[in-house]
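The structure displayed is predicted, hence computed values, not measured ones. Letters A, B, ... are given to chains in the order of the sequence lines, protein chains preceding strands, and every chain is numbered from 1.
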2 protein chains.
Amino acid sequence: MPNSTPTTVKKTKGQQTAIRIMDAAEDLFSSHGYEGTTLRQIASKAQIQEPGLYNHFSGKRALYEAVLHRALNPMAEALGAHLGQASGLRDYTDLPSIMTDLLLDHPQISALFQQAMQGESDSLGNQLVRNWLERLFKDGVMSLSGTGSLGEGEQDPSALAISVIAMFNLTTGYFLSQRAFETMAEGDLQSPENIARQKRLLHRVMRAMLIS
Amino acid sequence: MPNSTPTTVKKTKGQQTAIRIMDAAEDLFSSHGYEGTTLRQIASKAQIQEPGLYNHFSGKRALYEAVLHRALNPMAEALGAHLGQASGLRDYTDLPSIMTDLLLDHPQISALFQQAMQGESDSLGNQLVRNWLERLFKDGVMSLSGTGSLGEGEQDPSALAISVIAMFNLTTGYFLSQRAFETMAEGDLQSPENIARQKRLLHRVMRAMLIS
DNA sequence: CCTATAAATTATCAGTAATTAATTTTTATC
DNA sequence: GATAAAAATTAATTACTGATAATTTATAGG
């Protein structure tokens with residue numbers, strides 16, 4: 001494993017540990033929340049002793065923020081890029097499907113997103129998510145208003161914001177609803193068939209929202 | 001204040017304290033979550049000392065469960081009654097609006113519901129919410145399948161469950177999205193104008209979902 | 001191989017949270 | 001007004017959590 005290509009940078013043992021810690025933390029924060037996750041749990045899952053965490057992160061909060069950054073930024077970029085290229089109505093009705101695919105690759109984002117949004121309003125997690133939403137919304141509105149597909153009611157910022165919120169709740173909420181699903185039907189919400197069903201529903205809903 | 005009519009039962013001082021405790025707990029659990037809420041906070045908000053909570057509840061968990069029961073049961077009953085009387089398609093497309101009105105009267109339910117759903121799967125809170133959903137779904141399917149308004153795809157339990165999940169995510173998610181809303185527009189999601197907008201959106205979406 | 005540094009472990013600390021026990025005060029009922 | 005019970009307060013306990021300090025071990029680079 002020689003460090004011969006700049007594209008394949010060999011990570012030090014410490015860097016590998018840091019990644020393990022972040023993976024463990026992401027998993028635990030998403031399932032137990034910030035308050036319900038202890039550093040001992042994270043360390044155990046990362047296979048080190050708890051004080052070892054401080055070699056890589058200055059504290060619990062710093063670790064949480066690193067996890068959030070790592071989780072949310074790739075999605076923000078992917079969605080931003082998609083919005084940047086959007087030119088027709090189809091590109092917008094496809095947005096929830098794109099988002100669904102991204103979340104399918106990384107289902108923990110939904111829980112992290114939700115927790116950060118509902119968390120303490122002065123927390124960096126909350127601010128992070130809000131900044132992200134704001135940027136995305138502005139990008140989306142800028143390019144969407146160029147397509148003439150907004151109905152009269154949707155020109156109103158409040159109505160538009162409510163539509164965007166609905167879209168987010170539909171897409172992220174889907175990945176948080178496995179337990180609810182199990183009370184009603186068999187199977188896994190992340191199976192290809194169910195994902196296809198969700199996408200069909202999203203498509204229909206999105207068109208109902210955009211065209212008035 | 002004599003106890004002269006059986007319909008106006010005078011509550012003892014202790015019973016009044018218990019109600020104050022539950023009000024405080026509901027407020028704090030919904031905003032901070034179970035783990036992030038301490039008994040000291042609850043006691044302080046209820047204006048007693050913390051060990052006093054044990055005169056009314058056997059522990060933190062018992063208090064949480066009492067809060068959930070009190071919060072969720074009235075809604076379950078109201079929705080169940082509405083479903084019981086449902087006879088036409090309109091009664092179903094109106095369901096999210098009914099639910100919106102109920103949640104508007106008691107916005108903390110959304111957060112409690114979400115937390116309980118995402119909480120530990122063996123917790124009573126989680127089981128409570130799941131039982132509730134299961135019952136509601138069964139009632140809904142029974143009466144909905146008598147109206148002939150289900151599209152072909154919707155006869156499938158999974159597809160139907162996904163629709164129901166979407167409906168729940170739209171309605172409860174709305175009340176959890178004030179912060180998101182503030183990044184995009186001015187105002188309060190619970191204002192009459194915004195509630196009206198949400199209802200219009202729900203109506204459109206519901207019809208898109210039910211009619212294929 | 002050597003050595004400085006990074007990273008790990010072990011030990012410890014301070015504060016907090018849920019809970020129990022003891023005591024005091026208040027309430028409700030006769 | 002008297003009294004038993006309820007409910008409140010005060011005091012204390014136990015376990016846990018995030019974090020710090022000291023020591024040991026592993027790693028990385030020359």
Side-chain angles (χ1 to χ4, degrees), chain A residues 1-4 6 8-26 28-29 31-68 115 119-120 123-125, chain B residues 1-4 6 8-25 27-29 31-68 115 119-120 123-125:
Chain A
M1 201 129 298
N3 191 11
S4 53
T8 55
V9 181
K10 176 174 167 73
K11 295 188 193 305
T12 65
K13 221 41 195 296
Q15 285 169 333
Q16 289 170 43
T17 301
I19 287 163
R20 260 195 352 266
I21 291 167
M22 281 184 69
D23 289 343
E26 185 178 290
L28 289 164
F29 282 141
S31 59
H32 295 84
Y34 180 80
E35 295 288 339
T37 299
T38 67
L39 294 177
R40 281 173 182 113
Q41 287 173 326
I42 293 169
S44 176
K45 199 171 181 89
Q47 289 175 308
I48 59 167
Q49 301 301 311
E50 183 212 329
L53 297 175
Y54 293 88
N55 287 310
H56 307 269
F57 303 94
S58 58
K60 188 179 181 181
R61 190 172 209 129
L63 173 57
Y64 179 65
E65 281 156 19
V67 166
L68 275 195
Q115 285 161 22
E120 295 300 329
S123 75
L124 191 60
Chain B
M1 199 131 296
N3 190 14
S4 55
T8 54
V9 181
K10 176 175 167 74
K11 294 188 194 304
T12 65
K13 231 14 201 308
Q15 286 169 334
Q16 289 170 43
T17 302
I19 288 164
R20 259 193 354 264
I21 291 168
M22 281 183 71
D23 287 344
D27 191 42
L28 290 162
F29 282 140
S31 58
H32 296 85
Y34 180 80
E35 294 287 340
T37 298
T38 67
L39 292 178
R40 273 173 206 155
Q41 287 172 326
I42 294 169
S44 175
K45 199 172 181 89
Q47 291 175 308
I48 61 169
Q49 301 301 310
E50 181 207 330
L53 297 175
Y54 293 88
N55 288 309
H56 307 270
F57 303 94
S58 58
K60 187 180 183 182
R61 188 171 211 131
L63 172 57
Y64 180 65
E65 282 155 19
V67 166
L68 275 194
Q115 285 161 24
E120 294 300 328
S123 74
L124 191 60

Starting from the 5' end of DNA chain C, give me the residue, A:Leu53 or B:Glu35, whose nearest nucleotide shows up first.
-> A:Leu53
To the nearest Å, how far apart are A:Phe57 CZ and D:dG18 C1'?
-> 16 Å
Give the nucleotide from the list C:dA18, D:dA21, C:dA28 with an atom nearest to the side chain of B:Thr12.
-> C:dA28
Do A:Phe57 and A:Val67 come close enough that some side-chain heavy atom pair is under 4.5 Å?
-> no
Atom OH of B:Tyr54 and atom C1' of D:dT13 are separated, to the nearest Å, by 12 Å
Should A:Thr38 be listed as having a side-chain N or O under 4.0 Å from OP1 or OP2 of D:dC16?
-> no
A:His32 has an atom NE2; how far is it from atom P of D:dT17, in whole Å?
-> 12 Å
Calculate the interatomic distance between A:Gln41 atom CD and D:dC16 atom P; express it in whole Å.
-> 12 Å
How about B:Ile48 and B:Arg20: do any of their side-chain heavy atoms sit closer than 4.5 Å?
-> yes
On DNA chain D, more 5' by nearest nucleotide between B:Arg40 and B:Gln47 is B:Gln47
d(CG, B:Asn55; P, C:dT20) in whole Å | 12 Å
Side chain of B:Lys13 only, please: which of C:dT9, C:dA28, D:dA7 is the nearest?
-> C:dA28
Distance below 4.0 Å between B:Thr17 side-chain N/O and D:dA8 OP1 or OP2 = yes
Geometric class of the A:Phe29/A:Tyr64 ring pair [parallel <30°, tilted 30-60°, perpendicular >60°] | perpendicular
Select base, sugar-phosphate, or nothing to describe what A:Thr37 touches, counting heavy atoms under 4.0 Å on all strands.
-> sugar-phosphate
Take the protein atom CD of A:Gln15 and the nucleotide atom C1' of C:dT5, then report the distance between them rounded to whole Å.
-> 14 Å
Reckon B:His56 has a side-chain N or O less than 4.0 Å from the OP1 or OP2 of D:dA6?
-> no
Of all the choices, D:dT9, C:dA18, C:dA8, which nucleotide is nearest to the side chain of A:Ile48 once you look at every atom?
-> C:dA8
Among D:dT9, D:dA8, C:dA11, which nucleotide sits nearest the side chain of A:Pro51?
-> C:dA11
How is B:Gly52 classified with respect to the nucleic acid when contacts are heavy atoms under 4.0 Å: base, sugar-phosphate, or nothing?
-> base
Taking the side chain as every heavy atom from C-beta outward, state whether A:Arg61 and A:Tyr34 have any atom pair closer than 4.5 Å.
-> yes
Atom-to-atom span, CZ of A:Phe29 to P of D:dT17 - whole angstrom | 13 Å
Please report, rounded to the nearest Å, how far the C1' atom of D:dA6 is from the CD atom of B:Gln16.
-> 14 Å
By nearest-nucleotide position on DNA chain C, the 5'-leaning member of A:Gln49 and B:Lys60 is A:Gln49
Work out which heavy atom in A:Lys45 is nearest to a heavy atom in A:Ala24; give both atom names and the distance.
-> CB-CB, 3.7 Å
